[in-house]
Amino acid sequence: MSVLSDHRGSSLLPSDVQLGVIDSDGQRICGSDLTAPSDDDLLRLHRGMVIGRRFDTQAGALVRQGELAVYPSSRGQDACQVGAALALQDRDWLFPTYRDSVALVTRGVDPVQVLTLLRGDWHSGYDPYERRVAPQCTPLATNALHAVGFAHAARYKGEDTVALVLIGDGATSEGDTHEALNFAAVWKCPVVFLVQNNGYAISVPLSKQTAAPSLAHKGIGYGMPSLLIDGNDAAGVFSAVTQAVRDARAGAGPTLIEAITYRMDAHTNADDATRYRSIEEVRQWAARDPIERLERYLCGRRLLDDKQLTAVRDDAETFALALRERLHGGPAADPDELFRYVYDRPTAMLRHQQRQLTQELSDAAEPAAGVGR
Amino acid sequence: MSVLSDHRGSSLLPSDVQLGVIDSDGQRICGSDLTAPSDDDLLRLHRGMVIGRRFDTQAGALVRQGELAVYPSSRGQDACQVGAALALQDRDWLFPTYRDSVALVTRGVDPVQVLTLLRGDWHSGYDPYERRVAPQCTPLATNALHAVGFAHAARYKGEDTVALVLIGDGATSEGDTHEALNFAAVWKCPVVFLVQNNGYAISVPLSKQTAAPSLAHKGIGYGMPSLLIDGNDAAGVFSAVTQAVRDARAGAGPTLIEAITYRMDAHTNADDATRYRSIEEVRQWAARDPIERLERYLCGRRLLDDKQLTAVRDDAETFALALRERLHGGPAADPDELFRYVYDRPTAMLRHQQRQLTQELSDAAEPAAGVGR
Amino acid sequence: MTATASAVGDDHMVGDARIDAAAPRTVTMAGALNQALADCLAADDSVLVLGEDVGALGGVFRVTDGLAKRFGDHRVVDTPLAESGIVGTAIGMAMNGLRPVVEMQFDAFAYPAFEQITSHLAKLHNRTRGAVSLPVVIRIPYGGGIGGVEHHCDSSEVYYTHTPGLRVVSPATPGDAYRLLRQAVKCPDPVIFLEPKRRYWSKESTNLVMDGPGIDRAVIRRPGTDVTVITYGGTVATALEAADAATAEGWDLEVIDLRSLAPFDDDTVAASVRRTGRAVVIHEASGFCGYGAEVVARLTEQCFHHLQAPILRVTGFDIPYTPPKLEQYHLPNVDRILDAVQRLQWDDTPVLPRSGTCA
Amino acid sequence: MTATASAVGDDHMVGDARIDAAAPRTVTMAGALNQALADCLAADDSVLVLGEDVGALGGVFRVTDGLAKRFGDHRVVDTPLAESGIVGTAIGMAMNGLRPVVEMQFDAFAYPAFEQITSHLAKLHNRTRGAVSLPVVIRIPYGGGIGGVEHHCDSSEVYYTHTPGLRVVSPATPGDAYRLLRQAVKCPDPVIFLEPKRRYWSKESTNLVMDGPGIDRAVIRRPGTDVTVITYGGTVATALEAADAATAEGWDLEVIDLRSLAPFDDDTVAASVRRTGRAVVIHEASGFCGYGAEVVARLTEQCFHHLQAPILRVTGFDIPYTPPKLEQYHLPNVDRILDAVQRLQWDDTPVLPRSGTCA
Ligand SMILES: Cc1ncc(C[n+]2csc(CCOP(=O)(O)OP(=O)(O)O)c2C)c(N)n1
Ligand SMILES: Cc1ncc(C[n+]2csc(CCOP(=O)(O)OP(=O)(O)O)c2C)c(N)n1
Ligand SMILES: [Mg+2]
Ligand SMILES: [Mg+2]
């Protein structure tokens, strides 16, 4: 007769403080609830962030050169981008947003294909099934539901794939976030929600977005365990996501993770961040840079020396150079593609419209007398 | 720099057990966190429930007689309906659903006008501003946002009106519930959310709707205080809602209240509840009847005797009789109204369509030769 | 609130393997849809049925009656009550190889899913240059004529037909309901499947088979020579009635059941209109920017010099759907159809239309 | 993601009381809209501006630039990021006597609010027999031509024009943007206010005044004798360009700016079409079930015997909006308009249209 479960689950609440593995001074945090990654993993995290940061900077430069239409930088969120991407197994799936290009690059998606969207050639440049990355999602929070459905289907098929959702703090206000968390919890889906709380939705600060003690406090309202972590600590992000992914794979259901971080650049190149945040605030966050922090730790533990550091940075330069070169050489966008993929096969109406356009273009190619064609 | 408030607010969590004032045996609960209503209020609650129940039974009978198209009964939820309605001040606003006809009647909306919707004469039968009751809302959870906006406007205008939202357990899964709770908390609106958790959304049990320890546990995720109460205890519902309304009026912001209750009848007359719940379950809830419980308490305390009880029941019969009589006499629905209220003033196109219909009807009234008109 | 009624006849075992689908029998549209779902579920493990109350209850119209029992509640899933959630998760399932068949309880309750439908379901295949297919079917009971209260009788087809990337179909008969639903489930594109509520209980003695006209073809339900009457879903039966009544006036109407609203079967329909030279389009939805506008516009362009009169529309008024007691005034009926036919300028002296006319 | 750009000229102080609205000056459409909002906020305490980033940022197109500073953030409100929430609360505010002006950041991001718009905003006045008025304005930057990525360039007008109870308007010039927005805020009905993104930066030297053509009237932007070109919003300027180019071919085009998409100004438009005998409708949105279909259908019925040729449509293709580098192929342009004009059967020998033709 009881319509309520007995389990009152205060164990589902997040910690009062942000969990982490390495603090902003590059020191190991003692007694953390998070497991420290192996040294190898720490080096992978570092390398991923250096290359990711270089990609991010390169993309910014390409915007200024007019090669890209727009680019939403994740500089400052590097630890989330790389920590999350590396925590996944190869067979797992990532459901990213427009902000998460660096996570894609880390996961091995061809960077040229990552930039297809931002170059304006097509809406998405890669085959999602190749690296198991859904198209970068623009309508906020909608990707969370796709991940839940995907994860549910995996379980239905008897596969042990886990899906990782990336959303921002602003996106948590959307109804779709609520529905995704709820479906995931009710269906006990193998899915992990990572909220990159960078304090702003474009110009709107978190205080206008929520009155909750933390976004992670939403978990208990779905019966979902939640974690509040330091999002600028790559080791911590990696550890938290790895554990949540492991739990999900083992059938323990979803986890909600809130990572506190900051986007150092404007929302996109077109945004003017000085309108809504102070330089002082940005400066304070600069002191918490995720790469420097990990470097300090790794160098302190002599897992990284100057030579290795230079080698990683050189690799990043090589990566950026190759990207620039390959990007210049890309083929022009093809108008025929406009009609090709609307349906599995173009309808008669679309074939007709395509012929009209082809005709128009070939007419235009010939010098025509007046408008007569 | 901190993007998080310091207040970790575990005080926002609901109690482990359902709060109440009078238990199912009609005994006063000692040491309850809820304030006991005055004796006068208890008698008002009782009278409201007896009349409300009679209204509900009458509406059911009217369906069987073909006078109403459909009726969603709230039998069993009487304590929520009446306790919530009576907790409001006259100037406050109620934002009800299709399920909440008894709350409307309690609030003094003309019962004939309440039944307009269900009779099929019009979409809503009363002027919302008269008794400050929004039209009964069918699209689930959408009314919650209206209440939040309404309450926010009241504060903007410097009025101390409070808005009370009624929704069901099923409706909590909709994105609009999430957005309403969030807007209300961020804006600190004078609004109270009462979830009547009757264990089912049509046929779907709560276990398929949420995995949360309780629906009240959602409050903390918005930074909103929450209460879990016994929804079959009219005194408890009245007390909890009264307190939440008082807090809201005083500027303390919104409260989420989950009331555990049960609908004794099927979802509507058209529903077949035997398909999804056992007779045994219904029987167990019958033993927790909200009216009997309060009567037992009131009689035990000699606040009510047989004579008074008979008088209340007679009043309820008189109420039902008057309703039946007035309902029969109502004017027929008027097709001209179809065009009158689409816009503030009918557009030329609508006036034209109205003329067409008028012409058609007058043509049809004359015996016509063939189809020529 | 929800009108619930058993639309599945009791004279046959629905959702039951014991039935031989190909043997002719009398079946309601709801029963035919039920059988189609059962056959899809039986034929392909990747088919799932999702929705509110589709499990133990069998749906408020009983279209999924018995399916959860037969196939298990992992195949026939009562979801949480959230339509965006249902469609959004269905998209994710389809990305992972499943073929979800989603039930929206009533037309207006599909609106919360509008973003997922327009921005993702319709566009993911295009977005990914065909890498991702979304063979999702969204079943929506549409239209009025059942005495339903507000929000339960919308005709929302244009919201979907105007959204490239979606197929939109609507059956008019039990046999075609079976055929179209099976075709929709098989189709690699997302399909909005509009079920005319008022025809759930209409019966037909028929074989339930998948083959026959393809998912994108219109059919001529009644051949005629004088006027082409173009319609779909719930008003096909109305049009056929009107055609019968018209014979008394000496008019021979050809009735076309579009079946596929998007894409539109230009070949079948334009050929008919060129033959008859006159046409009327019928639907329940409001006229203004209604589906009929497209039918008129494209056929007028394609058949201009064959037309003896403008193509007329008989549609619902441009008002929110009426309360139950007034729907009789709103819905296209035989008289209105015949009235439109009569206005098709039979005497060849142009009748100047009234200004502002629409329906 | 969001393309942000200052569409407000720097040569005048926007949202500033010091400006005399009635003095002629050069103003962008964004600037005119900004001034309209400022004047509405100044004139009436019950007016509120709500939306994502409308406060400190001034909106991604800077249409609300300076307003929060001048009127305070209780009047110009950065809401939580949830469009259904924004529209739903705006409805509640309007029920309580306010006049909220809501900004949706881009067209496709209004879709989460679709249920609140169609089931409540459009219907509450009707539902309550006029007791509840909802004077809410929903501003939606619509259409393409700005190199925006997916979801940032939809033309969603039909979703709204097909929904009875809503008014839908779209300005084509800065002066009219000011006038229409002030009229919309004053209007007792809910208004969907579609702002053509690509014209935010277009300039005009004009008086910003409220009077002039009413909120439901079309205007003839260029008188002509040969063909009526009917359009609205972002393509009015394109049509005017085409009309200029057409003179070289000896065609004198009349260009009508509808302004009000719903209701439709039959009187003005039908009179023109009867005069010219030929018409072309232009819009960016996909053609199939697009707004142009309604224009063709109603005008063909009203003007059938005056028409020398079918009314043709020049519209976007029936595809999801293109990626930035391909939008030039999608958008109606001067050549396509002239091509349609040429197909209007000037030699009086019927040109048999190609089968399946649509645009
Ligand atoms: C449904 C929807 N509404 C609005 C937008 C426009 N928009 C793009 S990004 C953005 C802010 C998102 O903030 P957040 O979720 O915190 O992510 P961040 O950009 O900070 O990574 C907005 C409002 C959108 N993309 N989708
Ligand atoms: C948006 C929306 N989706 C679906 C429905 C159909 N429907 C009407 S009532 C109902 C169940 C509601 O359950 P709950 O919220 O628990 O309220 P109860 O009926 O139990 O009072 C459903 C699914 C609806 N009215 N609105
Ligand atoms: Mg953010
Ligand atoms: Mg319930």
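Chain letters run A, B, ... following the sequence lines, proteins first, then strands; residues in each count from 1. Just so it is clear, the values below take in all heavy atoms, side chains as well, and ignore hydrogens, waters and symmetry mates.
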Which atom names give the shortest non-hydrogen contact between [X] and [Y], and what distance separates them?
X	Y	result
A/Ala212	B/Gly221	CB-O, 3.2 Å
A/Ala185	B/Ala211	O-CB, 3.8 Å
B/Pro213	A/Gly223	CD-CA, 4.1 Å

_For the interface with chain A, which of B/Asp169, B/Val186, B/Thr177, B/Thr210 has the highest count of heavy-atom pairs at distances below 4.5 Å?_
B/Val186
*asked:* For the backbone of B/Gln209 and the side chain of A/Asn182, can you confirm whether one donor and one acceptor N or O come within less than 3.5 Å of each other?
replied: yes
Starting at [atom1] of [X], measure out to [atom2] of [Y] and round the result to the nearest 0.5 Å.
X	Y	atom1	atom2	answer
A/Lys218	B/Lys218	NZ	NZ	10.5 Å
B/Trp187	A/Lys208	CH2	NZ	11.0 Å
B/Leu12	A/His217	CG	NE2	8.0 Å

*Toward chain A, the part of B/Glu280 with a non-hydrogen atom under 4.5 Å*: neither
*Residue B/Thr172 versus chain A: region with a heavy atom under 4.5 Å*: backbone
